[in-house]
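Take a look at the structure below.
The sequence lines fix the lettering, A, B, ..., with proteins before strands; numbering per chain opens at 1.
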There are 2 protein chains.
Amino acid sequence: MERYCNKLKAGGLKLTPRRLAIIGLFVDHNTHFTAEDIWSRLQKRFSRCGLPGVYRNLESLVECGILTRIQQFDRKKHYGLCAGSHHHHHITCIRCGKVDNIEDCAFDSAKKIKGYTVVSHFIQVNGVCGGCAKAAPHRDRVWGKGMFVCSEK
Amino acid sequence: MERYCNKLKAGGLKLTPRRLAIIGLFVDHNTHFTAEDIWSRLQKRFSRCGLPGVYRNLESLVECGILTRIQQFDRKKHYGLCAGSHHHHHITCIRCGKVDNIEDCAFDSAKKIKGYTVVSHFIQVNGVCGGCAKAAPHRDRVWGKGMFVCSEK
DNA sequence: CCTCCAAATAGAAATAACTTCTATTTATAT
DNA sequence: ATATAAATAGAAGTTATTTCTATTTGGAGG
Ligand SMILES: [Mn+2]
Ligand SMILES: [Mn+2]
Ligand SMILES: [Zn+2]
Ligand SMILES: [Zn+2]
């Protein structure tokens with residue numbers, strides 16, 4: 001927690017109760033959350049807190065390097081603690097929506113592709129997590145109708 | 001074009017002027033378009049065509065296997081002709097927004113990751129296309145403020 | 001050709017996930 | 001303690017779709 005307070009200060013951000021609570025949620029659960037996830041969990045302690053406030057804080061925490069943001073295919077932004085801010089990707093459970101880091105990235109950024117100069121890349125893996133695999137077999141979560149669920153196979 | 005008409009019929013879809021015009025646009029330009037791209041290009045010929053109609057048609061064309069849909073980080077869906085419907089990924093120019101197919105995929109779907117059973121994966125590469133690299137150097141396109149522009153490096 | 005009807009179309013309204021705006025409060029350096 | 005830049009709340013706005021409710025129309029069958 002010390003570490004995060006320092007990052008806040010370094011970024012010129014105040015240590016508000018709200019922010020500390022949000023960081024606390026990420027530390028305690030060690031997982032990725034959407035703005036709404038955070039918002040609903042804050043309700044108990046900060047009943048007068050709206051979604052705009054949550055977004056503002058999450059973005060501030062991204063800017064000062066405490067959180068990373070990933071855009072998922074459910075069209076939502078998901079936030080999680082920066083894994084030392086080193087390059088990594090994510091795997092998502094198609095049943096429960098859990099997100100985990102994938103630490104090693106095999107992508108070769110130096111390779112030329114179709115005349116493009118590669119600037120960045122993004123890898124998203126979908127799967128079924130251990131917990132959901134053990135649970136009673138049921139249909140995989142159906143995302144929004146027009147939702148792109150990644151190239152199968 | 002014959003080939004696409006057959007796919008339409010096979011999918012139980014009518015050969016309407018609208019649909020043939022949309023397919024024509026993809027064939028002529030051989031690139032990926034958003035619904036709005038298509039809509040603005042249809043205006044000359046079909047002045048009374050709204051965006052909902054374009055979306056409906058694009059989704060029908062995806063369903064019958066004529067188009068593929070990819071969700072880009074600008075939060076828009078982009079559509080393109082199916083490359084024989086074989087597994088492929090995409091590279092996007094961060095300056096002009098052009099999308100090209102990447103035909104060979106090195107991802108190992110068999111590898112177990114963090115206890116997950118891998119179901120699918122998605123790779124998105126961002127870069128600068130040949131045309132934009134030759135053009136006068138200017139700042140890279142700035143996507144929406146909170147936009148995820150993929151892990152740099 | 002003509003008829004019919006499932007499918008397609010149009011336009012308005014609704015939705016989801018944010019983002020921006022304006023006014024009011026608060027953390028913190030001095 | 002004060003001053004002030006930053007944070008907060010709630011309302012309103014935005015964007016990219018999606019849904020809804022009539023109103024046409026492509027094309028199979030006669
Ligand atoms: Mn992560
Ligand atoms: Mn493609
Ligand atoms: Zn799961
Ligand atoms: Zn380009």
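Within a 6.0 Å sphere centred on CD of B:Glu36, heavy atoms belonging to other residues, nucleotides or ligands number 12 at most. Counting non-hydrogen atoms of other residues, nucleotides and ligands closer than 6.0 Å to CG of B:Asp28 gives a total above 12.
Here the nucleotide nearest the side chain of A:Lys76, chosen from C:dT9, C:dC18, D:dT17, is C:dC18. When each of C:dA17, C:dC18, D:dT8 is scored by its nearest atom to the side-chain atoms of A:Glu36, the top-ranked nucleotide is C:dA17. If you check D:dT17, D:dT8, D:dG10 against the side chain of A:Asn57, the one that comes closest is D:dT8.
Rounded to an integer number of Å, the gap from CZ of B:Arg48 to P of D:dT24 is 9 Å. Residue A:Arg45 contributes atom CZ, which lies 13 Å from atom P of D:dT8 at whole-angstrom precision. Atom P of nucleotide D:dA16 and atom CZ of B:Arg69 are separated by 17 Å, given to the nearest angstrom. When the P atom of D:dA9 is taken as reference, atom CZ of A:Phe46 falls 9 Å away, rounded to whole Å. In this structure, B:Trp39 atom CH2 and D:dA16 atom P are separated by 12 Å, rounded to whole Å. Between the P atom of D:dA7 and the CG atom of A:Leu42 lies a distance of 16 Å, rounded to the nearest Å. Distance B:Glu59 CD to D:dT17 C1': 10 Å, rounded to the nearest Å. Put simply, CG on B:Leu20 is 14 Å from C1' on D:dG27, counting in whole angstrom units.
The only member of B:Tyr4, B:Phe33, B:Tyr79 that meets ring pair (Phe, Tyr, Trp, His ring centres under 6.0 Å) when paired with B:Phe26 is B:Phe33.
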What string of B, S and - do you get for nucleotides 23-30 of chain C, 5' to 3', when a contact is any protein heavy atom under 4.0 Å? ---BBS--
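Of the inter-residue distances, the one linking A:Arg75 atom CZ with B:Lys77 atom NZ reads 5.0 Å to the nearest 0.5 angstrom. With values rounded to the nearest 0.5 angstrom, A:Cys49 atom SG is found 6.5 Å from A:Gln43 atom CD. Atom CG of residue B:Leu25 and atom CG of residue B:Leu20 lie 11.5 Å apart, to the nearest 0.5 angstrom. Separating the OG1 atom in B:Thr16 from the CD1 atom in B:Ile22 is a distance of 7.5 Å, to the nearest 0.5 Å. B:His29 NE2 to B:Leu81 CG: the interatomic distance, rounded to the nearest 0.5 Å, is 12.0 Å. If you take SG on A:Cys82 and CZ on A:Arg69, they are separated by 10.5 Å, rounding to the nearest 0.5 Å.
Residues B:His32 and B:His90 bring their aromatic ring centres within 6.0 Å.
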What do the steps show when you test A:Ser60 against A:Asn57 for side-chain hydrogen bond (donor to acceptor under 3.5 Å, both in side chains), and what is the final call? CA-CA 5 Å; A:Ser60 303; A:Asn57 275 310; 5.0 Å; no
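Recorded end-axis angle for the helix from C:dC1-D:dG30 to C:dT30-D:dA1 stands at 30°, based on five pairs per end and rounded to 10 degrees.
For the contact set between residues 49-56 of chain B and DNA chain D, defined by any heavy atom under 4.0 Å, the members are B:Pro52, B:Tyr55, B:Arg56.
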